[in-house]
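Atoms within a ligand are numbered from 1 in the order they appear, just like the ligands themselves.
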Amino acid sequence: MTVKSFHPPVRTLMGPGPSDVHPRILEAMARPTIGHLDPLFVGMMDEMKALLQYAFKTQNELTLPVSAPGSAGMETCFVNLVEPGDKVIVCINGVFGGRMKENVERCGATPIIVEDAWGMPVDPQKVEDALKANPDTKIVAFVQAETSTGAYSDVETISKLAHAKGALIIVDAVTSLGGSPLKVDEWEVDAIYSGSQKCLSCTPGLSPVSFSTRAVETIKNRKTKAQSWFLDLSLVMNYWGGGTKRAYHHTAPINALYGLHEALVMLQEEGLEKSWQRHTDLHLALRAGFEAMGLGYLVPEAARLPQLNSVTVPEGVDEAAVRSTLLNRYNLEIGAGLGALAGKVWRFGLMGASATPKNVLFCLSALEAVLDEQNAPIARGVALDAAQKVLIAKGY
Ligand SMILES: *Cc1c(COP(=O)(O)O)cnc(C)c1O
């Protein structure tokens, strides 16, 4: 069998990630590969650190892209900060909180679970109660933007509660970075990780992370070695530590990093706050269209993420058939519900380069056609008008 080159179709990615990758980023990634210790590459990495500090709103020295996807950023935070015997409060309100619990257990530590229903934000009162009941808690870990449900949790409030009891916080910002307000220094976040392929609209496979001086002190005072050699920050820092004396740790994913650099340059060109605003504006337009059709949201309005819209599947509709028709006929990818939400919701992403007025209108139009074909109980011919009104009001 002679295998030919792989040529994927051009899709519109409006699921939970990856999002559409801007052509500028793909072009940057096709530039010549140079050595990972080449002075010019090292210069690019110094810029990368400054760009990530901008995106995270932090001055943290230890800010870098881990050479692996968001899950590895998650693991980097846990294996470096958590030691056997530690107590860690883990807030679970969706898939990713559950993974944090797994990480804590694999570090030989004890997770204290604070649970909220899928679709609800983390309840700060429950966190406060757990801290009171467990005064020896070392860390509170939670997800700012739960991609499995579309719920947004309040980092600033939980941070204050944890710090008042002397605990650090680990925040999952994989889906929030670039799309929702996130202020690492102002909110005193100790450890945070994100991903390249959600609101930064880069290709998957890199995980920006940042650690406060308090977190760095905790890592330096470890009694045991981190469980992972690859993710051990005391070793990674020798490469990313800055300056001219970078030592080989692993070969950096050179071209992938060109892509992330370009993505962050684009974020800076747009302006971080403007990017947050764009995600909100387009969410409001998409939502107006859904609501005009008669579709409802899973998450209560006050906790809704702009970049991840979980919409309830109407009665009698074959939700999987809707997704496959959107993909096959319109080249439009949307997400399915996960876990307990499987078959009950669709997840519409509006992340990074996917968050455009064109995509909002395209998505509503394609969805309406497919739902109409299934004789779904929706209002027809009104969604685009409702969305357009919002777009015009917002100046798009
Ligand atoms: C996507 C995602 C992850 C995992 O990132 P990968 O790049 O898929 O490893 C973790 N947390 C949240 C909230 C996510 O949305």
Problem - Identity and separation of the nearest protein heavy atom to atom 11 (N) of ligand 1 - result: Asp172 OD2, 2.7 Å
Problem - ligand 1 contacted by Gly195 (non-hydrogen, < 4.0 Å) - result: no
Problem - Sub-3.5 Å N/O-N/O distance, Gly70 and ligand 1 - result: yes
Handout entry: Where ligand 1 meets Ala145 - atom numbers and elements under 4.0 angstrom, heavy-atom basis
Key = 13 (C)
Handout entry: Residue among Asp86, Thr218, Thr110 satisfying side chain to side chain donor-acceptor pair (under 3.5 Å) with Lys138
Key = Asp86
Handout entry: Nitrogen or oxygen of Ser71 less than 3.5 angstrom from that of ligand 1
Key = yes
Problem - Numbered atoms and elements of ligand 1 in range of Thr147, under 4.0 angstrom, heavy atoms - result: 12 (C), 13 (C), 14 (C), 15 (O)
Problem - Closest approach of any protein heavy atom to atom 3 (C) of ligand 1, naming residue and atom - result: Phe96 CE2, 3.4 Å
Handout entry: Exam field: side chain Asp190 to backbone Ile169, donor-acceptor pair closer than 3.5 Å
Key = yes
Exercise for the section: Spell out, as yes or no, whether a donor-acceptor pair under 3.5 Å connects the side chain of Thr76 to the backbone of Ala72. Expected result: yes
Practice task
For the pair Arg222 (side chain) and Thr224 (backbone), establish whether a donor and an acceptor sit closer than 3.5 Å, ignoring hydrogens and angles.
Solution key: yes
Exercise for the section: Output, in order, the C-alpha distance, side-chain angles, deciding distance and verdict of side chain to side chain contact (heavy atoms under 4.5 Å, CB included) for Leu37 and Phe41. Expected result: CA-CA 7 Å; Leu37 295 172; Phe41 185 73; over 6 Å; no
Handout entry: Name of the residue among Arg347, His283, Arg304 meeting side chain to side chain donor-acceptor pair (under 3.5 Å) with Asn309
Key = His283
Completion exercise
Within 4.0 Å of some non-hydrogen atom of Thr175, the atoms of ligand 1 are 15 (O)
Practice task
With heavy atoms of Pro69 as the reference, note each atom of ligand 1 found under 4.0 Å away.
Solution key: 6 (P), 7 (O), 9 (O)
Handout entry: Centroid-centroid under 6.0 Å between His249 and Trp229 rings
Key = yes
Exercise for the section: Have a look at Glu75, Gln197, Gln307 and point out the one with the heavy atom closest to atom 7 (O) of ligand 1. Expected result: Gln197
Practice task
Would you check whether Glu146 reaches within less than 4.0 Å of ligand 1, judged by its heavy atoms?
Solution key: no
Practice task
Specify the protein heavy atom at minimum distance from atom 2 (C) of ligand 1: its residue, its atom name, and the distance to 0.1 Å.
Solution key: Lys198 NZ, 2.8 Å
Exercise for the section: Please test Lys57 against Asp185 for salt bridge (charged side-chain N to carboxylate O under 4.0 Å, His left out), starting from the C-alpha separation and ending with a verdict. Expected result: CA-CA 6 Å; Lys57 281 190 157 303; Asp185 283 0; over 6 Å; no
